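Here the structure is a predicted model, which means the values were calculated and not measured. For the single chain, residues carry numbers from 1 onward in sequence order. Excluded from the calculations below are hydrogen atoms, water molecules and symmetry mates; all remaining heavy atoms, backbone and side chain alike, are included.
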Amino acid sequence: MSHSDAKSDLLKQPVAVWAVAFAAVVSFMGIGLVDPILPAIAGQLGATKSQTLLLFTSYLGITGLAMLLTGWVSSRFGAKKTLMAGLVLIVVFATLAGSSNSIGEIVGFRAGWGLGNSLFIATALATIVGAASGGMANAIILYEAALGLGIATGPLVGGLLGEVSWRGPFFGTAVLMAIAFVAIVTLLPATPKPAVKASVKDPVRALRHRGLLTVAVMAFLYNFGFFTLLAYTPFALEISSPIRLGFVFFGWGVCLAIASVALAPRLQRRFGTVPVVSAMLALFAVVLLVEAVFVDVKAVLVVGTIVAGIFLGVNNTIVTELVMEVSPAQRSTASAAYSFVRFIGGAIAAWAAGELGEVFTDWSPFVLGALGVLIGLAVLRGGRRHLVVEHGEPAPHSPAEAQAVTAGDA
């Protein structure tokens, strides 16, 4: 198949898939939306760096833990109702966060936001994979494109709204998620309840597979770098203007999105999965170490952050596809297991970055992130023999995935 044919197939998706993808864009906007306002929140609410970064810890921690419940919920209520429930929770808790008057309240409401996010993320990925035309690769590229677009635009929207008030991005998320809810309600066909009900233990059992466990542990460690860059860089840059911070992370997100869609598939076809992921991890670790050494040179932090988006975009796409194919577990279960482990890593990383930044100044979180990424690289290389993907026998769909979104073709 030619490149133009593959691109054409990617764009020829059921309208319901586009509805889920749009909602995914808005969902992922929530990750970077708060980046430009972190210094403003800390300053106006009298919070320390470590206290402010608990916004990430509570959000990511609950998102990770709740991944154990996503299969249980979706297998009893169906994909559509699960997506709707997740979006409603995000709307409610984003609104409450914007109405808060203390850092503790925001941290608590971000936890509720994380619960909604977990219900949405795992179900959205499974729905897109089960419904998108053009095979697994196109589905993953579409999902990662939504992720990249959301992460890219999130900081920009957050910066624009943050210029008015730090509360603006929270209320903005609530409005956008309400629009996404309407899109899911009107464009996604009703999905029947699966015949087989999942257990909360299924994701834990799935991690017994050495290949999936290897990827999950690697992602746990890699997220120390990812969320150090995302959560701590706004403090290290010492830029008070939300819109200026927003543009920095907009550049990062654009690189991530482009690399996810355009660069990752080409590199994977030419060099293979493990070699490409290994190279991206090594390059990302180098960026973090350079930022640690030159942490007082703001231009280095800006350029390093933006360039890192390329490595992160390639890595995210290839690893997501690997997770969905490497184990015999149902794709939704494998995704939940992987996300459970990696988001817990992100939660710990955000907390650790804040603590280290206050004790050892700004260079130390970047060193921690680099060490995490390098250890993750060692885990990947050590477990590479377990990462053999049988492309002729793809991992089975769950009943929900098998019946997902067959109506409403564009």
Pair Leu53-Phe235, side-chain contact (heavy atoms from CB on, under 4.5 Å): steps then yes or no: CA-CA 10 Å; Leu53 290 186; Phe235 289 106; 3.7 Å; yes
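- Phe247 and Phe250 have perpendicular rings, their planes meeting at more than 60° on a 0 to 90° scale where under 30° would count as parallel.
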side-chain contact (heavy atoms from CB on, under 4.5 Å) assessment of Cys255 paired with Phe311: CA-CA 9 Å; Cys255 287; Phe311 310 138; over 6 Å; no
Test log, rule side-chain contact (heavy atoms from CB on, under 4.5 Å), inputs Leu68 and Val204: CA-CA 8 Å; Leu68 298 177; Val204 177; 4.0 Å; yes
Steps toward side-chain contact (heavy atoms from CB on, under 4.5 Å) verdict (Ile62, Trp113): CA-CA 9 Å; Ile62 296 301; Trp113 188 338; over 6 Å; no
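- In this structure, the side chains of Leu83 and Lys80 stay at 4.5 Å or more apart for every pair of heavy atoms.
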Validation: residues 348-357 side-chain donor-acceptor distances under 3.5 Å, sequence neighbours left out:
none

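- Contact detail for Ala97 and Phe170: the closest heavy-atom pair is CB-CD2, 3.8 Å.
- Taken to the nearest 0.5 Å, the CG atom of Leu45 stands 8.0 Å off from the OG1 atom of Thr52.
- Listed by chain and residue number, nothing satisfies the salt bridge (charged side-chain N to carboxylate O under 4.0 Å, His left out) test with Arg208 (two or more places apart in sequence, or in another chain).
- Applying the ring pair (Phe, Tyr, Trp, His ring centres under 6.0 Å) rule to pairs touching residues 206-234 yields Phe220-Phe224, Phe226-Trp252, sequence neighbours excluded.
- Atom NZ of Lys201 sits in a sparse spot, with 12 or fewer heavy atoms from other residues, nucleotides or ligands closer than 6.0 Å.
- For the atom pair CZ (Phe249) and CD1 (Ile306), the distance works out to 9.5 Å, reported to the nearest 0.5 Å.
- Side chains of Ser99 and Phe171 form a contact here, defined as non-hydrogen atoms less than 4.5 Å apart.
- Side chains of Thr273 and Leu387 form no contact here, defined as non-hydrogen atoms less than 4.5 Å apart.
- The minimum heavy-atom distance between Gly86 and Leu119, with the atom names listed, is CA-CB, 4.0 Å.
- Judged by distance alone, the side chain of Ser165 and the main-chain N or O of Arg167 form a donor-acceptor pair under 3.5 Å.
- For residues 58-73, every residue pair satisfying the side chain to side chain donor-acceptor pair (under 3.5 Å) rule, not counting sequence neighbours, is listed here: Tyr59-Asn117.
- Separating the CG atom in Leu38 from the CG atom in Leu230 is a distance of 8.5 Å, to the nearest 0.5 Å.
- Crowding of Arg210 atom CZ: a count of heavy atoms from other residues, nucleotides or ligands under 6.0 Å not exceeding 12.
- Note that the OG atom of Ser339 and the CD1 atom of Ile344 stand 11.0 Å from one another [nearest 0.5 Å].
- Looking at Phe93 and Arg110, their side chains never come closer than 4.5 Å, going by heavy atoms from C-beta outward.
- From Asn223, atom CG reaches atom CE of Met218 across 9.5 Å, with rounding to the nearest 0.5 Å.
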Identify all side-chain donor-acceptor contacts of residues 371-381 below 3.5 Å with residues at least two apart in sequence or on another chain.
from	atom 1	to	atom 2	distance (Å)
Arg381	NH1	Ser278	OG	3.2

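- A pairwise comparison of heavy atoms in Lys49 and Glu358 identifies N-OE2, 2.9 Å as the closest pair.
- Within the 4.5 Å cutoff, side-chain heavy atoms of Val319 are placed close to those of Tyr338.
- Annotation for Pro36 and Pro155: closest pair CG-O, 3.2 Å, computed over non-hydrogen atoms.
- Contact detail for Ala206 and Leu212: the closest heavy-atom pair is O-CD2, 3.5 Å.
- For the pair Leu229/Leu312, a side-chain contact is recorded, criterion being any heavy-atom separation below 4.5 Å from C-beta on.
- No side-chain heavy atom of Ile184 sits under 4.5 Å from any side-chain heavy atom of Phe22.
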Solution key, residues 282-294 side-chain donor-acceptor pairs under 3.5 Å, sequence neighbours excluded:
from	atom 1	to	atom 2	distance (Å)
Glu291	OE2	Thr305	N	3.1
Glu291	OE2	Thr305	OG1	3.4

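- One distance of note links CG of Leu256 with CG of Asn316; it measures 5.5 Å at 0.5 Å rounding.
- The two residues Ser260 and Gly313 have their closest heavy-atom pair at OG-O, 3.2 Å.
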